[in-house]
Amino acid sequence: MPSLPELGIYFSLLLFIVGLFGVMFRKNIIFMMLSVEIMLNAANLAFISASALTNTIDGQVVMFFVMAVAACEAGIGLALIISLYRAKSSIEIDDLRMLRG
Amino acid sequence: MSSNFMMSRLQEVVKEAVQNRLWNDILPQPAFYLLAAPILLLLIGALTTMILGVFKTAPEKPCYPSWYVAVFICFASAALSIILKVETPTAFLGSGVLIDEISTISFTVIAIGTLFTLMASSMTTIGKQLLRSELISLLLMSSAGLMIMCAAGEFLGFFIGLELTSISLYVLVGYQRKSFQGMEAAIKYFILGAAASAIILMGAALIYASIGTVRFSDFRQLNISIEHPFSLLGVLLLFCGLSFKLAIAPFHSWAPDVYQGANSHLTGFMASLVKFSIAIVFMRILSTSLGEGNHTGLVAMFWILGAFSIVVGSLFGLVHNSLKRMLAYSSVANAGYFCLAFASLASNPTSLEAKQSLMSYAVIYAVLSMGAFTVIAWFEDNNREDLLKEELAGMGSKKPFAAFALTIFLFGFAGIPPVAGFFGKFFLLLSAVNQGLIGLSIILVVFSCLSLYYYLSVMVEMWFKPATRYSAQINQNSETNSGMLTMCLIAVIASLFIGIFGPRWAINLNYTQATEKNLRIVNTAEVMTEQTQADNTVTHYPR
């Protein structure tokens with residue numbers, strides 16, 4: 001039976017895979033962005049679990065910085081999605097096909 | 001002994017450590033403000049330009065006060081980073097900011113590159129759209145982020161720099177809110193870039209789980225093997241995410257779309273400086289050996305990535321007609337050339353040749369792609385954006401200097417001797433062959449001959465085809481023409497100068513990185529071990 005911090009890391013890997021599959025297979029851009037957020041939060045969870053696993057504080061510090069960065073990214077992403085919706089009135093990734101070779 | 005007592009003792013020790021050591025360790029010395037002045041200046045400049053934008057009445061027009069400030073700041077930062085000589089490599093803020101010769105040369109390149117972008121974009125109509133004060137501010141922020149990234153000696157500093165750059169660039173790519181192409185490029189860049197950041201972060205978290213530190217110089221404690229899945233997976237994810245940012249082949253899918261959809265001046269900025277900085281970060285990570293043994297796995301990974309990238313970049317570039325898309329595939333191929341240096345650095349982390357070749361090729365590639373995209377911006381001015389190859393027909397006689405400059409830069413990408421690219425490839429091949437990467441070197445040579453085809457096809461259109469009615473217009477005003485001529489001339493002279501005299505800056509550089517063994521964040525594990533040792537020796541504590 002792995003210890004609790006190790007279980008936290010395994011769970012974060014699971015979350016990370018969920019997020020990765022979301023980015024790869026979702027068609028709606030908002031869901032893709034939320035999947036990216038899930039990936040970032042999975043990394044946060046891994047950092048704090050690893051902090052407990054290795055008895056160091058660095059991971060918790062990184063976690064706080066990453067939370068701020070994730071908030072910035074969500075803000076920028078939603079702004080981009082809104083202006084895309086104003087321009088194209090659609091937020092499906094399949095409708096983005098102007099840039100092809 | 002009760003755990004309660006242990007905790008109170010621990011708290012005492014931590015408190016003492018915080019009071020005595022932490023502030024001395026984390027507060028930067030006064031020398032920091034001088035040595036890191038290029039970064040600080042750019043950040044101050046970003047805030048100043050943002051404030052100056054408040055006083056504008058017409059927000060859509062270029063904001064020249066902000067532009068003057070930005071140009072002055074970039075110039076000052078470039079001058080400072082050239083003047084400042086670093087005698088001993090020093091680490092500040094833990095190892096968050098390393099000031100050594102690698103960082104000063106990257107400060108110089110980034111500041112000059114930003115200055116070049118600002119100057120060039122003030123001269124064309126499409127570039128003037130980038131000169132709104134908030135966009136100038138974002139440009140300065142992103143170049144400050146690049147500098148932070150190049151100077152970082154640990155993961156946290158690197159990640160903050162990377163995100164500062166990326167978030168500013170997402171906005172800059174999508175600045176044309178009415179243009180479908182720009183928005184599409186911005187959304188694609190945002191989704192894939194954010195996913196890549198998350199992948200890098202997860203990799204670092206797993207590395208941290210296995211060694212308990214995120215400093216690059218401590219990565220030598222790693223033990224990359226199948227028995228240690230965390231470190232193996234962590235290193236894999238970290239390098240996959242970094243390859244995403246460098247557009248190495250299986251992860252390159254965003255690059256052509258983004259390069260095609262973004263403003264050409266901005267594409268030049270992204271293609272040259274962002275790639276340069278990521279290459280420097282690769283060098284910083286790989287120049288400490290990642291664990292014991294002879295990293296065959298890492299070398300094999302870079303071998304495969306490099307070969308795939310070179311093949312994809314050289315073959316897919318052949319079928320595309322859009323000039324920027326073609327250059328994007330050429331940049332994918334160039335990212336593959338970087339992999340040669342990464343592979344030789346991974347097989348021998350102390351190899352001076354590999355570092356020299358990486359540094360010289362990164363700078364040469366930055367100069368060449370900056371120049372090439374500037375010429376393309378010149379052609380695109382007053383035409384539609386995103387020119388096709390056929391639209392350059394007859395340009396050799398209509399705009400001879402622009403055609404000549406583009407020819408020089410394309411020769412540089414192909415590696416024809418009098419231009420800089422030759423020395424870059426020569427050093428890459430030299431270090432790769434000395435490390436025994438014969439197969440990858442052969443792939444580089446064969447496929448760069450193949451990619452010469454698409455560079456030459458552009459030159460054929462420009463010089464040997466007569467102008468057709470689809471050709472680009474040459475109705476740029478005289479101000480644009482003279483200004484862009486000067487900028488292109490600077491880039492041409494730089495690339496020819498490097499090509500004739502060789503990349504001396506990379507050979508004479510001192511590649512020792514600053515390391516610092518200080519207690520940046522109080523390490524509870526050490527406190528605990530001190531505690532247990534004390535328990536074993538001393539029978540009881542004074543309460």
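FYI, side chains are in, hydrogens and waters are out, and symmetry mates aren't considered; it's all heavy atoms of this structure.
With a 4.5 angstrom heavy-atom cutoff, A:S49 does not touch chain B via any of its atoms. Both the backbone and the side chain of A:L40 come within less than 4.5 Å of a heavy atom in chain B. Of the atoms belonging to B:F316, not a single heavy atom falls under 4.5 Å from chain A. Contacts between A:V62 and chain B at a heavy-atom distance below 4.5 Å involve backbone atoms as well as side-chain atoms. At a 4.5 Å heavy-atom cutoff, the contact between A:F47 and chain B is made by backbone and side-chain atoms alike. For B:L164, no part lies near chain A; criterion is any non-hydrogen pair under 4.5 Å. With a 4.5 angstrom heavy-atom cutoff, A:I48 does not touch chain B via any of its atoms.
A pairwise comparison of heavy atoms in B:L201 and A:A43 identifies CD2-CB, 3.6 Å as the closest pair. Scanning both residues, A:G77 and B:F190, for their nearest heavy atoms gives CA-CZ, 3.4 Å. Shortest non-hydrogen contact noted between B:A209 and A:I9 is CB-CD1, 3.5 Å. The minimum heavy-atom distance linking B:M183 with A:L80 is given by the pair CE-O, 3.4 Å.
To the nearest 0.5 Å, atom CE of residue A:M39 and atom OG of residue B:S197 are 9.5 Å apart.
Aromatic ring centres of B:F159 and A:F65: separated by at least 6.0 Å.
In this structure a side-chain-to-backbone donor-acceptor pair under 3.5 Å is missing from B:Y170 to A:I76.
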